[in-house]
Amino acid sequence: MSKKPLAKKYEPKETEKAIYSAWEEAGYFNPDRLPKDLCSEKAKPFTIVLPPPNITGSLHMGHALNATIQDVLIRYYRMKGYRTLWVPGLDHAGIATQNMVEKELAKSGKTRHDVGRAELLKLLKDWEKKYSLRIISQFKRIGASCDWSRTHYTLDEGYSRAVKKAFILYKRKGYIKRGQRVVNWCPRCKTALSDIEVEHKEDKGKLYYIKYRLLKRKKDKRFEYLTIATTRPETLLGDTAVAVNPEDKRYKRYVGRKIFIPLIKRKVKVIEDSAIDPKFGTGALKVTPAHDGKDFEIGERHGLKRINVIDEEAEMIGSIPLKYRGLDRFKAREKVVEDLRKEKILVKVESIKHKTPYCYRCGEMIEPLISKQWFLSMKKLAEPAIKLIKDDKIKFVPYRFKKVYLRWMKEIHDWCISRQIWWGHKIPIKNEEDVLDTWFSSALWPFASLGWPQKTKDLQTFYPTSVLSTAKDIIFLWVARMIFSGLFFMDEIPFHTVYVHPTILNAEGKRMSKSLGTGIDPLDLVEKYGADATRFGLVAKTGHNQEIRYSESSIVAGRNFSNKMLNATRFVLMNIEKNKIKSLKIDNKIFLDKKIIKLKANKKTIDLFAKTKTEIEKRILDFRFNLATKAIYEFFWHQFCDKCIEANKDVLYQGDELDRKKTLEFLITIIANSLKLTHPFMPFVTEHLWTELNKALEIKEKPLIVSHWPN
RNA sequence: GGUCAAUUAGCUCAGCUGGUUAGAGCGCAUGAUUCACAUUCAUGAGGUCGCAGGUUCGAAUCCUGCAUUGACCACCA
């Protein structure tokens, strides 16, 4: 048998891919194929559903971090003997993916309407194929031990059946209704969006003060005016009232009177509504029910007419003066302002900062308009989902996110679930061309990815899932919706714990962004330092903090640590070889050996090992991974290598044969146990060293991934 | 307008429920090393823990206020 000494340096590239394939082929990621002595049929399940990445592109640092966190949990629980299942999958990501393909199309000067629905869908399918393969291979590269035999995709046939079923069940119970309401319309994507798909950005804008003339009554001697303030003067073409706050004494005398909309001389009423803020502008609001959510509601309360003056392309339409018709909304604004000036009723223009709504996918400015859409009524669905979280039936980690969730849930609005795009699940109603919001399908993920609506064995065994690990920006878009969906369809929570991991910022403390080129590709890091180092470096910064500033030095530290483990192992193996010692055992009984304990450094190492093990377990359970990695790093490097190995060198070089043997057995046992503790964080190097160790000792042990966590 | 978080060594951050000389990694300085590892080892310099009050025998840690930064929420017309 040829024994090749370990290389001085750990070379991840050579080992990681081979190790991953070996695990996968052996079926260790599949709970049904775990070795029986590790995990019996009756073992408790531990389930995670992977937040399915969008097929829009490749993985970013956030994915890498989240994959690592979930893998740490899965690997830990697997070694603890749980029936672990990590369900992977992909999300078709409706608007986002369609936009990517449309962008490609735009390069040849075409729009989706030029090529048509069938052709666009074909392009989307190609995209889907390309990126889903890439994303999966990236997850594998980072070491994610997902059960790929259970991979789901939100547009798969089975999954689509679940989506259809969900829609029908909601509708049957009266939760889904169709109606005309003001929705957030993206004139570029040409679709409605839900409220949370709108991003508000602070802009420098202008507040225009415009004089509206009141209708002269017989008793009036001269004309009276009421000045209103608006940031969108072009919408006055659709005004159907002017409103003031009922408490506002300044305007009390105007309430009920007729007033003229400038430029078009439409006669409307001055009404009072408590939604008006007397402190904003002049305290008088022009009401445009067709083009503003708040105005729409005021209109509902007062039975106002809705006049559409802006269409789905954000161009002016309807019964308005010809000169405005067909103008783009911003051109129309200029024109209206110009005309107001001419009529000398533009009192003043004020520069203000205000929040403007933008499409979260393409960045176009939202145009609120009335449209016929499908809505999911939220109030009743939200009730149990609020109570549950209040009672901590689902635990948020860090705990503060409970509050974030509750605040949103309590103020929830109906969810506009229809989209006027082509990529997604068609609404299961005859003659309906719209598709469902992509989040409607991902809301079903925890149970639909386990086979729902069929009563599968997986669903029975693995639902509710254990932990959901996710980014904080999708607490509302996704987490909240999984919770009420789970309660509605399964009558049970979808997961016990929600872990909200920190956001990775770049070295300057800014958000990593692909478009700005400030992103870092985790796969580059994996290539450069290895998957273990990348994982370690990321997780070592992850606790209950809300952000991580990316720094390569922690990944370098991870790489150095894996090299340190290799060299400690190498040292011991070299000594075994040198001393020609046979039949060494890895056995914790050596910790009780009097001769071993006599050496202070050994005693301390044994004690610290126990403490380290407890600390790691505790820190995995409370999601303070940074402290877990710190514990193993400190123990292995600064106690075991720096102190313990050094202290044993005298015995190894000058001791008698029995002492040498005992010492090597002790060192090898500490190493073996340390490899186990480190495995969830650095699976590859630990597995690699475990193999080398077993080879050298000529013992046959199962791979580390399915070995028992130390007692 | 509201909510949440952060503020500790040159840089990036730990420091859990208050308790002896405040820690790590990187960087820096000095030295070591044919004997596992220069992706190494040893030693060291460097902090009045954002500011101001308060509670306490005792506060980086708890409370109040303020400042700065960041994130989120809201129909800021």
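None of these values were measured; they are calculated from a predicted model. Throughout, protein chains are lettered first and strands after them, A, B, ... in sequence-line order, and every chain is numbered starting at 1.
Remark: Lys403(A) is in phosphate contact with rC4(B), judged by side-chain N or O atoms under 4.0 Å from OP1 or OP2. OP1 or OP2 of rU39(B) has not a single side-chain nitrogen or oxygen of Arg559(A) nearer than 4.0 Å. For the pair Tyr653(A) and rA36(B), the criterion of a side-chain N or O lying under 4.0 Å from OP1 or OP2 is met. The phosphate of rC16(B) has neither OP1 nor OP2 within less than 4.0 Å of any side-chain N or O from Arg619(A). Taking 4.0 angstrom as the limit, Lys8(A) places a side-chain polar atom (N or O) nearer than this to OP1 or OP2 of rC37(B). Between Asn560(A) and rU40(B) there is a side-chain polar atom (N or O) within less than 4.0 angstrom of OP1 or OP2.
Rounded to whole Å, the distance from NZ on Lys618(A) to C1' on rA14(B) is 14 Å. Between Leu573(A) atom CG and rC37(B) atom C1' the separation is 14 Å, expressed in whole Å. Protein atom CG of Asn626(A) is 12 Å distant from nucleotide atom P of rC13(B), rounded to whole Å. Residue Leu566(A) contributes atom CG, which lies 9 Å from atom C1' of rA36(B) at whole-angstrom precision. Phe561(A) has its CZ atom 13 Å from the C1' atom of rC37(B), to the nearest Å. With rounding to whole Å, Leu406(A) atom CG is found 13 Å from rC4(B) atom P.
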- request: Assign a letter to each nucleotide of nucleotides 68-77 of chain B from its 5' end: B, base within under 4.0 Å of a protein heavy atom; S, sugar-phosphate only; -, no contact.
  value: --BS-BBBBB

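Between Glu646(A) and Lys649(A) there is a salt bridge, with a side-chain nitrogen of the basic residue lying less than 4.0 Å from a carboxylate oxygen of the acidic one.
Judged purely by atom type and a 3.5 angstrom limit, Asp659(A) has no side-chain atom pairing as donor or acceptor with the backbone of Val651(A). Of the possible polar contacts, none joining the His501(A) side chain to the Tyr499(A) backbone as a donor-acceptor pair under 3.5 Å is found. The backbone N or O of Ser194(A) lies less than 3.5 Å from a partner atom in the side chain of Glu197(A), making a donor-acceptor pair.
Atom name C1', nucleotides rA77(B) and rC4(B): the rounded distance is 28 Å, in whole Å. Spacing between rU8(B) and rG50(B) at atom P, rounded to whole Å, works out to 6 Å. The gap from the P atom of rA36(B) to that of rC41(B) amounts to 13 Å, rounded to the nearest Å. Nucleotides rG53(B) and rA71(B) place their C1' atoms 29 Å apart, quoted to the nearest Å. The separation of rG65(B) from rG2(B), taken at their P atoms, amounts to 13 Å, rounded to a whole angstrom. Across the P atoms, rC49(B) and rC11(B) are found 16 Å apart, a figure rounded to whole Å. Of the C1' atoms belonging to rU64(B) and rU56(B), the separation is 16 Å, rounded to the nearest Å. Remark: the separation of the P atoms in rC16(B) and rU7(B) is 12 Å, to the nearest Å.
Side-chain rings of Phe635(A) and Phe609(A) approach one another, their centers coming within less than 6.0 Å. Residues Phe561(A) and Tyr633(A) place their aromatic rings such that the two centres sit under 6.0 Å apart.
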- line: Dot-bracket for RNA chain B, 5' to 3', Watson-Crick and G-U pairs with both distances under 3.5 Å, [ ] for crossing pairs, | for partner on another strand, reads (((((((..((((.....[...)))).(((((.......))))).....(((((..]....))))))))))))....

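A donor atom on one side chain and an acceptor atom on the other are found under 3.5 Å apart for Asp203(A) and Tyr358(A). Counted by atom type alone, Lys379(A) and Ser377(A) present zero donor-acceptor pairs between their side chains at under 3.5 Å.
Closest to the side chain of Leu627(A), from the set rA14(B), rA36(B), rU12(B), is rA14(B). When each of rU40(B), rG25(B), rA14(B) is scored by its nearest atom to the side-chain atoms of His638(A), the top-ranked nucleotide is rG25(B). For Lys9(A), counting side-chain heavy atoms from C-beta on, the closest listed nucleotide (rU39(B), rC13(B), rC37(B)) is rU39(B).
A cation-pi arrangement is found for Arg181(A) relative to Phe375(A), the charged atom lying closer than 6.0 Å to the ring centre and inside a 45° cone about the ring normal.
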query: Please walk me through it: do Asp642(A) and Trp637(A) pass side-chain contact (heavy atoms from CB on, under 4.5 Å)?
result: CA-CA 6 Å; Asp642(A) 291 353; Trp637(A) 196 313; 3.7 Å; yes

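Screening Thr669(A), Leu664(A), Leu693(A), Val572(A) for a side chain to side chain contact (heavy atoms under 4.5 Å, CB included) involving Leu584(A) leaves a single residue, Leu664(A).
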